Structures are given as C-alpha cells and as structure tokens.
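These numbers were taken from a predicted model, which means no experiment stands behind them. Atoms within each ligand, like the ligands themselves, are counted from 1 in listed order. Both backbone and side-chain heavy atoms feed into the values below; hydrogens, waters and symmetry mates do not.
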Amino acid sequence: MSEPDARARPGLLVVISGPSGAGKTTIARGLERRIAGSVFSVSMTTRPRTDRDREGVDYFFVDSDRFEQVRADGGFLEWADVFGRRYGTPRAWVEQQLIEGKVVILEIDVAGGKQVHERIPEMLGLLVLPPSEEALLDRLRARGRDDEDEIARRFAQAKSEMAEARACGAYDEFVVNDDLDRAIEEAVAIVRRRRG
Ligand code: ADP
Ligand code: 5GP
C-alpha cells in the first residue's frame with residue numbers, strides 16, 4: 001500500500017515501547033500532558049477490560065470478530081498479538097492527527113513499532129528501559145502476580161524484546177526510567193528537539 005508523502009503529514013509520530021513495567025504508559029501520559037498539541041492514540045484490543053481500564057481512553061475493547069473486520073478492512077496502521085491478545089492502532093485517526101500537525105503518541109510493543117517504522121520511517125522511536133535488569137526482575141516480582149517460572153519467562157522475553165528493539169533500527173532514543181520525573185523531562189526534551 002502506498003503511503004502519503006511525509007510533507008503531507010506535518011505532525012510528529014512518537015512510538016514508545018519497552019518491557020512490561022518499564023513505565024511506558026506513565027511516560028506516554030506525562031508527554032501528553034506536557035507537550036502542547038499532543039494526542040495519545042487509543043488502540044483497539046481483544047483483551048478483557050479490567051476495573052482500571054477506561055473504555056475509549058485506555059483502549060477500545062472489542063471482540064475478535066470486530067478486530068478481524070477492522071484488520072481485514074486495512075483499518076490498522078499496525079497490529080500485533082501480545083500474550084495471546086490482539087492490539088491494533090487505528091490508521092485513519094493517526095493519519096488525520098498527523099495531517100493536522102499533532103504530536104501523536106503510540107504506546108505499543110516492539111513488533112508494532114517495527115511495522116510503523118516501515119510505513120512511516122520519519123517516526124520518533126523511544127525505548128523506555130528499566131534502570132537495570134535487576135530492577136526489572138524486582139518489579140516483576142513486586143507485582144506479586146506470577147510464580148517464579150512465569151517471572152523467569154517474562155524476564156527472558158523482556159530482555160529479548162529490548163535486544164530486538166536496539167537491533168531493529170526503529171528506535172533511536174533510549175530513556176532509562178530511574179526517576180520518573182527526570183525520565184519524563186528527558187522524553188519531553190527529545191520530542192521538543194525533534195519537533196523543531
Ligand atoms: P508499562 O506501561 O511499561 O507496563 P507503567 O507505566 O504502567 O509501565 O508503570 C508500571 C508501574 O510502575 C506503575 O505503577 C507506575 O506508577 C510505576 N512507575 C513508573 N515509573 C516509575 C519509576 N521511575 N519509579 C518507580 N515506579 C515507577
Ligand atoms: P496492556 O494490555 O498491559 O495495556 O498492554 C500490553 C502490551 O501491548 C504493551 O506492551 C503495550 O505496549 C502493547 N500494546 C498496546 N496497544 C498496542 C497496539 O495498538 N499495538 C501494538 N503492537 N501493541 C500494543
């Protein structure tokens with residue numbers, strides 16, 4: 001599919017990825033608050049809604065049939081299967097925001113970031129990293145949700161996702177989330193620099 005010329009999209013597309021628990025969502029929402037003219041892209045997902053999720057704010061929650069219909073119609077800029085659930089970025093909405101000159105923030109996984117990079121190479125790829133592998137492991141344990149086998153599996157997956165992100169060429173900025181306020185400041189500075 002041919003993509004519109006970059007000059008037709010005066011906005012900036014910011015893709016934020018990183019391992020689970022690294023602080024992507026917190027930093028993405030921090031950017032949205034701090035950058036004038038920025039908007040957070042609300043993905044469609046087949047994962048069940050939890051008590052903390054707000055429909056239409058965090059995600060659009062849909063069943064598999066609806067997701068497949070949108071996918072078949074070419075409605076996603078990218079989509080991916082994450083832990084057995086599907087997630088997709090609405091294509092037309094993102095394109096429209098970029099045409100209007102907005103900073104569009106996508107908080108998506110590395111597989112999705114690679115797809116976006118192929119279609120929109122001028123995107124800004126921002127990888128959020130934990131301060132250390134040790135800290136990541138501690139955070140996974142602190143959630144108290146998984147047994148040690150599952151924690152080991154998620155830890156290994158997080159490490160391979162970070163390695164993939166570094167190698168794939170889609171991510172050119174790396175933000176270590178040690179202190180949250182500092183990390184948000186750094187992300188804001190990166191976006192402002194790129195926006196010019
Ligand atoms: P992700 O979206 O990468 O899974 P979240 O943004 O949901 O991560 O953050 C996971 C949890 O860690 C949240 O409870 C958040 O408030 C907390 N958190 C984020 N950044 C920091 C930080 N620098 N120090 C301590 N806790 C943090
Ligand atoms: P959660 O269900 O915990 O909110 O998100 C799980 C994972 O899915 C996170 O890594 C998040 O970045 C990723 N994700 C959320 N929305 C999308 C999307 O639209 N596309 C892709 N590729 N990944 C997404």
K.L.:
Which ligand 2 atoms are under 4.0 Å away from a heavy-atom of Ala80?
P.N.:
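Listed by number with element: 22 (N).
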K.L.:
Tell me whether ligand 1 is touched by Arg139 - counting only heavy atoms on the residue side and a distance under 4.0 Å.
P.N.:
yes
K.L.:
Which atoms of ligand 1 have any heavy atom of Pro19 under 4.0 Å away?
P.N.:
3 (O)
K.L.:
Checking contacts now, so for atom 22 (C) of ligand 1, which I'm interested in, is there any protein heavy atom under 4.0 Å?
P.N.:
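Within 4.0 Å: yes, protein heavy atom nearby.
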K.L.:
Regarding atom 13 (C) of ligand 1: of the candidates Asp178, Thr26, Ile16, Leu180, which has the closest heavy atom?
P.N.:
Thr26
K.L.:
Ignoring angles and geometry beyond distance, decide whether Thr25 reaches within less than 3.5 Å of ligand 1 through its nitrogen or oxygen atoms.
P.N.:
yes
K.L.:
Measure Lys24 to ligand 2 on non-hydrogen atoms and call it side chain, backbone, both or neither using the 4.0 Å cut-off.
P.N.:
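The side chain, only.
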K.L.:
Any salt bridge linking Glu173 with Arg194? Criterion: basic side-chain nitrogen under 4.0 Å from a carboxylate oxygen.
P.N.:
no
K.L.:
Polar-atom distance check: Ala22 versus ligand 1, any N or O pair below 3.5 Å?
P.N.:
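Min N/O separation from ligand 1 is below 3.5 Å for Ala22.
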K.L.:
May I ask you to identify the nearest protein heavy atom to atom 20 (N) of ligand 2, giving residue, atom name and distance to one decimal place in Å?
P.N.:
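Answer, as residue, atom name and distance: Glu78 OE2, 2.7 Å.
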K.L.:
Between Thr45 (side chain) and Arg86 (backbone), is there a donor-acceptor pair under 3.5 Å?
P.N.:
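Here the side-chain-to-backbone pair exists.
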K.L.:
Please determine which of Arg52, Arg49, Arg29 meets the salt bridge (Lys or Arg N to Asp or Glu O under 4.0 Å) test together with Asp58.
P.N.:
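With Asp58 as partner, Arg52, Arg49, Arg29 yield a single salt bridge (Lys or Arg N to Asp or Glu O under 4.0 Å), made by Arg29.
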K.L.:
Are any non-hydrogen protein atoms located under 4.0 Å from atom 11 (C) of ligand 1?
P.N.:
no
K.L.:
To the nearest 0.1 Å, how far is atom 16 (N) of ligand 2 from its closest protein heavy atom, and which atom is that?
P.N.:
Ser43 OG, 3.3 Å
K.L.:
Could you tell me if the side chain of Ser20 sits less than 4.5 Å from the side chain of Glu161, heavy atoms only?
P.N.:
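No. Closest side-chain heavy atoms not under 4.5 Å.
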K.L.:
Could you tell me whether atom 1 (P) of ligand 1 has at least one protein heavy atom nearer than 4.0 Å?
P.N.:
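Yes, at least one protein heavy atom sits under 4.0 Å from atom 1 (P) of ligand 1.
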K.L.:
Counting only non-hydrogen atoms of the protein, does one fall under 4.0 Å from atom 12 (O) of ligand 2?
P.N.:
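At least one protein heavy atom is under 4.0 Å away.
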K.L.:
Any atoms of ligand 2 less than 4.0 Å from a non-hydrogen atom of Thr89? List them with their elements.
P.N.:
19 (O)
K.L.:
Numbering the atoms of ligand 2 from 1, which are under 4.0 Å from a heavy atom of Asp109?
P.N.:
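Matching atoms, with element in brackets: 12 (O), 13 (C), 21 (C), 22 (N), 23 (N), 24 (C).
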K.L.:
Among Ile16, Val103, Thr26, find the one that has a side-chain contact (heavy atoms from CB on, under 4.5 Å) with Leu31.
P.N.:
Ile16
K.L.:
Could you check whether any heavy atom of Phe76 sits closer than 4.0 Å to an atom of ligand 2, since that is the contact criterion I want to use?
P.N.:
no
K.L.:
Heavy-atom distances under 4.0 Å decide this one: backbone, side chain, both or neither, for Arg47 against ligand 2?
P.N.:
side chain
K.L.:
Which bit of Ala183 gets closer than 4.0 Å to ligand 1, counting heavy atoms only: side chain, backbone, both or neither?
P.N.:
neither
K.L.:
Less than 3.5 Å between some nitrogen or oxygen of Lys24 and one of ligand 1, yes or no?
P.N.:
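In this structure, Lys24 places an N or O atom under 3.5 Å from an N or O of ligand 1.
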K.L.:
Within the side chain of Arg182, is there an N or O that forms a donor-acceptor pair under 3.5 Å with the backbone of Val176?
P.N.:
yes
K.L.:
List ligand 1 atoms under 4.0 Å from Gly23, heavy atoms only on the residue side.
P.N.:
1 (P), 3 (O), 5 (P), 6 (O), 8 (O), 9 (O)
K.L.:
Is Gly88 near ligand 2, meaning one of its heavy atoms is under 4.0 Å from it?
P.N.:
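Per 4.0 Å heavy-atom rule, Gly88 contacts ligand 2.
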